2 protein chains.
Amino acid sequence: MASEHDTDRRTARISAPSTASQARDTLRDAILRGEYLPGERLVEAQLCERLQASRFNVRAALQDLAAEGLVEVQRNRGAQVRKVSMAEAVEITEVRMVVEGLIAARAAERVTPDQATELDEIAVLMRRAVEAGEYRRYSDLNVRLHALVREIAGHQTADRIVETLRGQLVRHQYMLSLLPGRPQMSLPQHERIIAAIRDHDAKVAEAAMREHIASVIEALRSMDYLGPA
Amino acid sequence: MASEHDTDRRTARISAPSTASQARDTLRDAILRGEYLPGERLVEAQLCERLQASRFNVRAALQDLAAEGLVEVQRNRGAQVRKVSMAEAVEITEVRMVVEGLIAARAAERVTPDQATELDEIAVLMRRAVEAGEYRRYSDLNVRLHALVREIAGHQTADRIVETLRGQLVRHQYMLSLLPGRPQMSLPQHERIIAAIRDHDAKVAEAAMREHIASVIEALRSMDYLGPA
DNA sequence: GCTTACAAGATTGTCAACAATTACCTCCAC
DNA sequence: GTGGAGGTAATTGTTGACAATCTTGTAAGC
């Protein structure tokens, strides 16, 4: 998870191939995009062609993603996309609940007037999207809201952890968004979060965020999870 | 300087063929033990000798520890022990506060009578240690208490994160334990945590744990932290 | 005296070949 | 037909060498 910014020098070098991190990012995107299913084996030789990288870099990428919890590597048995069980998904979301609660609280303490305006704009757009039944748009706004709250909070450590946790259950979250009635339930929760942050009320903001994600956990539990492939 | 106890095998081989994970664990211990100071460069060739491992494995170990946040690797510039600033230490402890709060709450829900007894035993020993001024013993009991609470909670995801966060600021925590008056302040906090878990009161357990770690954050802030090298 | 250019050394990045392990399939005995 | 032994193919683990990059020390130019 090492941040890289190697195009900083004035040497206007065009190609900074940096194949190692490139391979990692490409593979992560592929997994998050669902091109490799949980439990699927990730054969190094195949990935070499897919990513146009050497085996060395493929291996490094797999190791990195293993550290992120996206893939699982067993000695002498290769790597496979990590299967996240229902119980694990709940655990992950529980941790996300408390950490995002912390983020919301800190956002409430540090929000600027401009940022408050931006939050209110998102609230308006969200309500419109739900009223118009545009759930895809609502989902996008949801992502944008959480990202903005994290930006306001400016809590790098919490950010990193939430990002890692989110990655581990993209698949589950996708299924979640298909649950009927979710937008109607989550809209008022989002509005409470926004209002609390705008009012600089850290305690209420944290409680609202936790309540929101707690209801996500409930929804997760309610899903009939189809067993392993 | 090899403080390894690998003389268990009768094969009188002097140099154990350090595998990848072995090299990683040894290096992590060395860093946590303080044998490499924050900011110190970790040259691969040197580590090869120190760990009796090939450069390949050393490199893998460095990458792993970078993912854990113990070292920092920059492209073409090698690795160095990560320097955790004061602000970062506070951030890390803030996240630890909420996650350990979650763990405490879950421990309160799942604690068995046997485990409750064990908790009470620790409470008694802690009080005795403080009264006798045996602060080193108290510190050990503190570690044991937090470990037991985590074991009771059985929350793998939260466990992993707390473990990672702890590792990132061992150095700071060591300085913390030297602060005068800490045991007298933290003892009642610990007792409240134990009581709440024993009584199956999740909310109080979480609040008590958070209050406890919040006071750690205060202590952190109060330390006159010597600036960057 | 100071800055810049350049060269030598040190360190890391990458690769392709080789060794070790595992998975799979065939064949044979019962 | 079933279970096991053995061999073959596929896959991963490891090594050493070489290339790219950065750092350091030195000397020339202003």
Side-chain angles (χ1 to χ4, degrees), chain A residues 1-27 30-31 36-37 39-67 70-83 228-229, chain B residues 9 11 13 15-27 30-31 36-37 39-67 70-83 229:
Chain A
M1 234 175 288
S3 60
E4 297 213 359
H5 28 249
D6 30 19
T7 54
D8 45 358
R9 295 297 156 83
R10 55 192 167 178
T11 58
R13 197 141 16 132
I14 299 175
S15 67
S18 177
T19 34
S21 55
Q22 230 172 358
R24 183 193 55 203
D25 293 341
T26 306
L27 180 54
I31 293 174
Y36 294 100
L37 281 76
E40 188 170 345
R41 282 194 64 185
L42 297 170
V43 179
E44 295 180 2
Q46 293 173 1
L47 294 176
C48 288
E49 264 199 60
R50 171 81 167 73
L51 304 174
Q52 291 292 326
S54 68
R55 237 190 94 201
F56 180 89
N57 288 327
V58 166
R59 181 172 270 268
L62 286 174
Q63 215 175 340
D64 277 5
L65 295 183
L70 259 74
V71 310
E72 215 168 4
V73 292
Q74 291 172 297
R75 187 181 169 79
N76 287 323
R77 288 195 190 176
Q80 57 181 46
V81 181
R82 188 173 155 221
K83 268 189 286 195
Chain B
R9 300 290 162 82
T11 58
R13 188 132 33 118
S15 63
S18 207
T19 165
S21 56
Q22 236 173 347
R24 183 192 56 204
D25 293 342
T26 306
L27 180 55
I31 293 175
Y36 293 100
L37 281 77
E40 187 170 347
R41 283 193 66 186
L42 298 170
V43 180
E44 296 181 1
Q46 293 173 3
L47 294 177
C48 287
E49 264 198 61
R50 171 79 166 74
L51 306 174
Q52 290 294 325
S54 66
R55 234 189 98 201
F56 181 88
N57 287 329
V58 166
R59 180 172 269 268
L62 286 174
Q63 218 173 340
D64 277 5
L65 296 183
L70 258 74
V71 311
E72 214 167 5
V73 292
Q74 290 174 301
R75 188 181 167 78
N76 288 323
R77 286 194 195 177
Q80 57 181 47
V81 181
R82 189 173 153 219
K83 267 188 286 195

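Keep in mind that this is a model prediction, so the values were computed, not measured. Per chain, numbering begins at 1; letters A, B, ... match sequence-line order.
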Between the CG atom in Leu47(B) and the CZ atom in Arg59(B), the distance rounded to the nearest 0.5 Å is 11.5 Å
Which whole-number value in Å describes the distance from Glu40(A) CD to dT11(D) P? 13 Å
note: Glu44(B), atom CD; dT15(D), atom P; distance rounded to Å ~ 14 Å
d(CD, Gln46(B); P, dT11(C)) in whole Å: 7 Å
It should be established whether Arg55(A) places a side-chain nitrogen or oxygen under 4.0 Å from OP1 or OP2 of nucleotide dT12(D). no
Given dC15(C), dT12(C), dT14(D), the nucleotide with the shortest approach to the side chain of Ser54(A): dC15(C)
Base, sugar-phosphate alone, or nothing: which one does Leu42(A) contact when heavy atoms must sit under 4.0 Å apart? sugar-phosphate
Whole angstroms only, please: what is the CD-P distance between Gln22(B) and dT14(D)? 11 Å
Write out a two-atom table: protein N or O, nucleotide N or O from nucleotides 22-25 of chain C, distance below 3.5 Å.
| from | atom 1 | to | atom 2 | distance (Å) |
| --- | --- | --- | --- | --- |
| dA23(C) | OP1 | Arg77(A) | NE | 3.3 |

Tell me the interatomic distance from Arg59(B), atom CZ, to dT14(D), atom P, rounded to whole angstroms. 15 Å
May I have the distance from Leu47(A) (atom CG) to dT11(D) (atom C1'), rounded to whole angstrom? 12 Å
Using a 4.5 Å cut-off on heavy atoms from C-beta on, say whether the side chain of Gln52(B) contacts that of Thr26(B). no
Heavy-atom closest contact (Asn57(A) atom, Ala23(A) atom, distance): O-CB, 4.4 Å
Spacing of CZ belonging to Arg82(A) relative to CG belonging to Leu42(A), to within rounding of 0.5 Å: 14.0 Å
To the nearest Å, how far apart are Arg24(B) CZ and dG13(D) P? 13 Å
Return no unless some side-chain N or O of Asn57(A) is found under 4.0 Å from OP1 or OP2 of dC15(C). yes
Closest heavy-atom pair, Leu27(B) versus Leu62(B), reported as atoms and distance to 0.1 Å, is CD2-CD2, 3.8 Å
Measure from the side-chain heavy atoms of Phe56(A) and tell me the nearest of dC15(C), dT11(C), dA17(C). dC15(C)
Note: Gln63(B) and Asp64(A) closest approach over all heavy atoms is NE2-OD1, 2.8 Å
What's the spacing between Lys83(A) NZ and Glu72(A) CD if we round to 0.5 Å? 9.0 Å
